[in-house]
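Shown next, in C-alpha coordinates, is the structure this report addresses.
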Amino acid sequence: EALYFANINIDAIFVDNNIGEGETEVQVSGVDAPGSTYLQHATQATVMVQTASSMQAKISLYKDGQLYDEVWRTLDSGYNLVKFKLDTAQEGTFDYEVRVEAAEDQSLHNNTYGFTQTVAGNLQILLVSNRQEDLQTLQRLYGDNARIDAYINNPQVPCTVEAMAKYDQIVMSGVDVGT
(Lines give C-alpha, C1' and ligand atoms only; values in the text may rest on other atoms or scores of the structure.)
Protein backbone atom coordinates (compact mmCIF):
# COMPACT_ATOMS: atom_id res chain seq x y z
CA GLU A 1 0.00 0.00 0.00
CA ALA A 2 2.86 2.39 0.77
CA LEU A 3 4.27 1.87 -2.72
CA TYR A 4 0.84 2.33 -4.29
CA PHE A 5 0.28 5.64 -2.50
CA ALA A 6 3.75 6.74 -3.62
CA ASN A 7 2.51 6.28 -7.23
CA ILE A 8 4.58 3.14 -7.74
CA ASN A 9 2.66 0.45 -9.60
CA ILE A 10 3.48 -3.17 -8.81
CA ASP A 11 2.54 -6.03 -11.13
CA ALA A 12 1.66 -9.19 -9.27
CA ILE A 13 1.30 -12.77 -10.41
CA PHE A 14 -1.57 -14.94 -9.19
CA VAL A 15 0.26 -17.96 -7.77
CA ASP A 16 -2.33 -19.83 -5.74
CA ASN A 17 -6.01 -19.75 -4.86
CA ASN A 18 -6.27 -17.89 -1.55
CA ILE A 19 -9.97 -18.54 -0.98
CA GLY A 20 -10.11 -21.16 1.77
CA GLU A 21 -12.77 -23.81 2.24
CA GLY A 22 -15.86 -22.35 3.88
CA GLU A 23 -14.69 -18.73 3.59
CA THR A 24 -16.94 -16.18 2.01
CA GLU A 25 -14.69 -14.08 -0.15
CA VAL A 26 -14.72 -12.24 -3.43
CA GLN A 27 -11.58 -11.17 -5.28
CA VAL A 28 -10.42 -9.73 -8.58
CA SER A 29 -8.37 -12.53 -10.15
CA GLY A 30 -7.31 -10.66 -13.27
CA VAL A 31 -8.10 -8.12 -15.96
CA ASP A 32 -7.75 -8.60 -19.70
CA ALA A 33 -7.36 -5.23 -21.43
CA PRO A 34 -5.19 -4.06 -24.31
CA GLY A 35 -2.15 -2.08 -23.13
CA SER A 36 -2.53 0.35 -26.00
CA THR A 37 -5.11 1.45 -28.52
CA TYR A 38 -5.91 4.39 -30.79
CA LEU A 39 -8.22 7.36 -30.49
CA GLN A 40 -11.90 6.51 -30.82
CA HIS A 41 -11.28 2.75 -31.15
CA ALA A 42 -13.78 0.83 -29.06
CA THR A 43 -11.91 -1.15 -26.42
CA GLN A 44 -12.91 -2.93 -23.25
CA ALA A 45 -11.55 -4.51 -20.11
CA THR A 46 -12.75 -7.96 -19.09
CA VAL A 47 -12.51 -8.38 -15.33
CA MET A 48 -12.34 -11.86 -13.80
CA VAL A 49 -13.95 -11.93 -10.36
CA GLN A 50 -13.73 -15.05 -8.24
CA THR A 51 -16.05 -15.81 -5.35
CA ALA A 52 -16.47 -18.73 -2.98
CA SER A 53 -20.26 -18.49 -2.95
CA SER A 54 -23.05 -16.69 -4.75
CA MET A 55 -23.32 -13.04 -3.64
CA GLN A 56 -24.26 -9.53 -4.70
CA ALA A 57 -21.20 -7.36 -5.41
CA LYS A 58 -20.32 -3.92 -6.71
CA ILE A 59 -17.53 -3.85 -9.28
CA SER A 60 -16.12 -0.37 -9.86
CA LEU A 61 -13.71 0.93 -12.49
CA TYR A 62 -11.58 3.97 -11.66
CA LYS A 63 -9.66 5.97 -14.23
CA ASP A 64 -6.78 8.06 -12.88
CA GLY A 65 -8.28 7.84 -9.39
CA GLN A 66 -11.79 8.98 -10.39
CA LEU A 67 -14.82 6.68 -10.58
CA TYR A 68 -15.39 5.93 -14.26
CA ASP A 69 -18.03 3.18 -14.20
CA GLU A 70 -19.58 0.68 -11.81
CA VAL A 71 -21.97 -2.23 -11.96
CA TRP A 72 -23.84 -4.33 -9.43
CA ARG A 73 -23.90 -8.04 -10.19
CA THR A 74 -25.04 -11.22 -8.59
CA LEU A 75 -21.90 -13.32 -8.79
CA ASP A 76 -22.03 -17.10 -9.00
CA SER A 77 -19.65 -19.31 -7.06
CA GLY A 78 -16.43 -19.62 -9.05
CA TYR A 79 -15.24 -17.31 -11.81
CA ASN A 80 -17.34 -14.45 -13.20
CA LEU A 81 -16.55 -12.09 -16.07
CA VAL A 82 -17.52 -8.42 -15.99
CA LYS A 83 -16.87 -6.15 -18.98
CA PHE A 84 -16.22 -2.41 -18.97
CA LYS A 85 -15.87 -0.11 -21.97
CA LEU A 86 -12.67 1.92 -21.72
CA ASP A 87 -12.33 5.59 -22.61
CA THR A 88 -10.51 6.29 -25.88
CA ALA A 89 -11.70 9.85 -26.43
CA GLN A 90 -8.33 11.48 -25.70
CA GLU A 91 -4.66 10.68 -26.13
CA GLY A 92 -2.50 9.77 -23.18
CA THR A 93 -1.57 7.05 -20.73
CA PHE A 94 -4.21 6.29 -18.14
CA ASP A 95 -4.10 4.31 -14.91
CA TYR A 96 -7.16 2.18 -14.25
CA GLU A 97 -8.12 0.30 -11.12
CA VAL A 98 -10.89 -2.25 -10.66
CA ARG A 99 -12.41 -2.66 -7.19
CA VAL A 100 -14.86 -5.27 -5.99
CA GLU A 101 -16.98 -4.87 -2.85
CA ALA A 102 -19.48 -7.24 -1.25
CA ALA A 103 -21.09 -7.22 2.19
CA GLU A 104 -20.36 -10.95 2.60
CA ASP A 105 -16.64 -10.57 1.83
CA GLN A 106 -14.61 -11.80 4.82
CA SER A 107 -11.23 -10.80 3.37
CA LEU A 108 -10.23 -7.52 1.80
CA HIS A 109 -7.19 -9.05 0.07
CA ASN A 110 -7.15 -8.99 -3.73
CA ASN A 111 -10.16 -6.68 -3.98
CA THR A 112 -8.35 -4.30 -6.34
CA TYR A 113 -6.46 -4.73 -9.59
CA GLY A 114 -4.64 -1.99 -11.50
CA PHE A 115 -3.67 -1.72 -15.15
CA THR A 116 -2.53 0.97 -17.57
CA GLN A 117 -3.69 1.77 -21.08
CA THR A 118 -2.12 4.15 -23.58
CA VAL A 119 -4.38 5.83 -26.13
CA ALA A 120 -2.32 6.96 -29.10
CA GLY A 121 -3.27 9.48 -31.73
CA ASN A 122 -4.53 8.46 -35.10
CA LEU A 123 -2.89 5.59 -36.92
CA GLN A 124 -0.05 6.59 -39.21
CA ILE A 125 -0.32 4.54 -42.41
CA LEU A 126 2.06 4.38 -45.34
CA LEU A 127 0.30 3.27 -48.52
CA VAL A 128 2.38 2.19 -51.50
CA SER A 129 0.17 1.28 -54.44
CA ASN A 130 -0.37 1.66 -58.13
CA ARG A 131 -4.13 2.16 -57.74
CA GLN A 132 -6.03 5.20 -56.47
CA GLU A 133 -8.83 2.85 -55.35
CA ASP A 134 -6.56 1.47 -52.60
CA LEU A 135 -6.34 4.91 -51.00
CA GLN A 136 -10.11 5.30 -51.14
CA THR A 137 -10.58 1.86 -49.59
CA LEU A 138 -8.26 2.73 -46.69
CA GLN A 139 -10.00 6.07 -46.17
CA ARG A 140 -13.37 4.31 -45.95
CA LEU A 141 -11.94 1.65 -43.66
CA TYR A 142 -10.31 4.02 -41.14
CA GLY A 143 -12.27 7.25 -41.57
CA ASP A 144 -10.92 10.00 -39.35
CA ASN A 145 -8.91 7.52 -37.27
CA ALA A 146 -5.88 7.47 -39.56
CA ARG A 147 -3.41 9.71 -41.30
CA ILE A 148 -2.50 8.10 -44.60
CA ASP A 149 0.64 9.00 -46.55
CA ALA A 150 -0.13 7.63 -50.01
CA TYR A 151 2.45 6.94 -52.70
CA ILE A 152 0.36 6.09 -55.75
CA ASN A 153 2.58 5.31 -58.76
CA ASN A 154 5.33 7.27 -57.02
CA PRO A 155 8.74 5.57 -56.79
CA GLN A 156 10.02 8.06 -54.18
CA VAL A 157 8.75 5.92 -51.29
CA PRO A 158 10.33 6.32 -47.84
CA CYS A 159 12.56 3.28 -47.48
CA THR A 160 14.96 3.89 -44.60
CA VAL A 161 14.24 2.51 -41.16
CA GLU A 162 14.18 6.04 -39.77
CA ALA A 163 11.66 7.24 -42.35
CA MET A 164 9.36 4.23 -41.90
CA ALA A 165 9.56 4.03 -38.10
CA LYS A 166 6.81 6.62 -37.66
CA TYR A 167 4.24 4.38 -39.36
CA ASP A 168 1.96 2.04 -37.44
CA GLN A 169 1.03 0.16 -40.60
CA ILE A 170 2.56 -0.16 -44.04
CA VAL A 171 0.22 -1.24 -46.82
CA MET A 172 1.66 -2.36 -50.13
CA SER A 173 -0.75 -3.23 -52.89
CA GLY A 174 -0.04 -4.27 -56.47
CA VAL A 175 3.54 -3.01 -56.56
CA ASP A 176 6.81 -4.63 -57.49
CA VAL A 177 8.81 -4.41 -54.26
CA GLY A 178 12.02 -4.84 -56.23
CA THR A 179 11.58 -1.43 -57.78
Side-chain angles (χ1 to χ4, degrees), residues 1-20 23-126 138 141-148 165-171:
E1 283 184 17
L3 292 173
Y4 176 79
F5 288 114
N7 291 323
I8 298 172
N9 291 324
I10 303 293
D11 287 340
I13 298 172
F14 181 72
V15 177
D16 195 6
N17 183 353
N18 64 359
I19 298 179
E23 287 185 15
T24 304
E25 182 180 3
V26 61
Q27 67 182 19
V28 179
S29 297
V31 175
D32 181 29
S36 61
T37 188
Y38 292 96
L39 278 173
Q40 306 302 329
H41 280 222
T43 185
Q44 68 180 8
T46 301
V47 180
M48 184 180 299
V49 180
Q50 184 181 7
T51 179
S53 60
S54 181
M55 66 178 71
Q56 183 78 9
K58 178 173 73 169
I59 302 99
S60 305
L61 177 66
Y62 290 80
K63 177 184 173 191
D64 290 334
Q66 302 294 316
L67 181 63
Y68 180 72
D69 195 5
E70 69 181 12
V71 295
W72 282 90
R73 292 278 164 84
T74 299
L75 302 174
D76 295 323
S77 178
Y79 292 97
N80 300 266
L81 299 178
V82 179
K83 297 180 186 277
F84 289 101
K85 291 181 181 178
L86 299 178
D87 185 10
T88 61
Q90 61 184 12
E91 290 183 54
T93 299
F94 306 99
D95 293 321
Y96 285 94
E97 181 181 71
V98 176
R99 298 180 192 170
V100 61
E101 301 172 54
E104 297 92 343
D105 192 7
Q106 294 175 334
S107 171
L108 298 181
H109 296 291
N110 300 321
N111 285 14
T112 64
Y113 193 101
F115 64 97
T116 301
Q117 183 177 67
T118 299
V119 178
N122 291 335
L123 278 166
Q124 294 262 16
I125 300 175
L126 170 63
L138 282 178
L141 181 65
Y142 290 102
D144 293 335
N145 295 326
R147 290 185 290 253
I148 304 169
K166 72 177 186 177
Y167 295 105
D168 299 302
Q169 293 181 8
I170 299 172
V171 178

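Positions are given from 1 along the sequence.
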*Pairs satisfying ring pair (Phe, Tyr, Trp, His ring centres under 6.0 Å), at least one member in residues 40-69, at least two apart*: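 Sorted pair list: Tyr38-His41.
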Using side-chain heavy atoms (C-beta onward) and a distance below 4.5 Å, is [X] in contact with [Y]?
X: Gln56; Y: Arg73; answer: no
X: Val98; Y: Thr112; answer: no
X: Ile125; Y: Asp168; answer: no
X: Val49; Y: Gln27; answer: no
X: Ile148; Y: Leu123; answer: no
X: Leu61; Y: Tyr96; answer: yes
X: Val28; Y: Asn111; answer: no
X: Phe94; Y: Val119; answer: yes

Taking all non-hydrogen atoms of both residues into account, name the closest pair between [X] and [Y] and its distance.
X: Tyr79; Y: Ser29; answer: CE2-OG, 3.9 Å
X: Glu101; Y: Ser60; answer: OE2-OG, 4.5 Å
X: Ala52; Y: Ser77; answer: O-OG, 3.0 Å
X: Leu39; Y: Gly121; answer: CD1-CA, 3.9 Å
X: Leu86; Y: Ala33; answer: CD1-CB, 4.2 Å
X: Thr46; Y: Lys83; answer: OG1-NZ, 3.4 Å

Side chain [X], main chain [Y], donor-acceptor under 3.5 Å:
X: Ser54; Y: Leu75; value: yes
X: Gln117; Y: Pro34; value: yes
X: Thr51; Y: Glu25; value: yes

*Could you walk me through whether Thr93 and Thr116 pass side-chain contact (heavy atoms from CB on, under 4.5 Å), step by step?*
CA-CA 7 Å; Thr93 299; Thr116 301; 3.2 Å; yes
*Checking side chain to side chain donor-acceptor pair (under 3.5 Å) against Lys63, which of Asp69, Asp87, Asp95 comes through?*
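The option that passes is Asp87.
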*asked:* If you count heavy atoms of other groups shown closer than 6.0 angstrom to CE of Met55, is the number above 12?
replied: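 Yes - once you tally the heavy atoms of other residues, nucleotides and ligands closer than 6.0 Å, there are more than 12.
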*Could you give me the CA-CA distance, side-chain angles and deciding distance for Gln169 and Tyr142, then say whether side-chain contact (heavy atoms from CB on, under 4.5 Å) is met?*
CA-CA 12 Å; Gln169 293 181 8; Tyr142 290 102; 2.7 Å; yes
*Lys/Arg-Asp/Glu bridge criterion (N-O < 4.0 Å) met for Arg99, Glu97*: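 Yes, this pair counts.
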*Evaluate the criterion side-chain contact (heavy atoms from CB on, under 4.5 Å) for residue pair Asp32 and Phe115; output intermediate values, then yes/no.*
CA-CA 9 Å; Asp32 181 29; Phe115 64 97; over 6 Å; no
*asked:* I need the Lys166 NZ to Gln124 CD distance, nearest 0.5 Å.
replied: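 Lys166 atom NZ to Gln124 atom CD measures 6.0 Å (nearest 0.5 Å).
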*asked:* Distance alone, cut at 3.5 Å: any donor-acceptor contact between the side chains of Thr88 and Thr37?
replied: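 No, no side-chain donor-acceptor pair sits under 3.5 Å.
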_Sequence-distant partners of Ala42, side chain to side chain contact (heavy atoms under 4.5 Å, CB included), two or more places apart_ =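 Partners of Ala42 under the side chain to side chain contact (heavy atoms under 4.5 Å, CB included) test: none.
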*Under the side chain to side chain contact (heavy atoms under 4.5 Å, CB included) rule, collect the residues that match up with Lys85, sequence neighbours excluded.*
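In terms of side chain to side chain contact (heavy atoms under 4.5 Å, CB included), with neighbours along the sequence ignored, Lys85 is linked to no residue.
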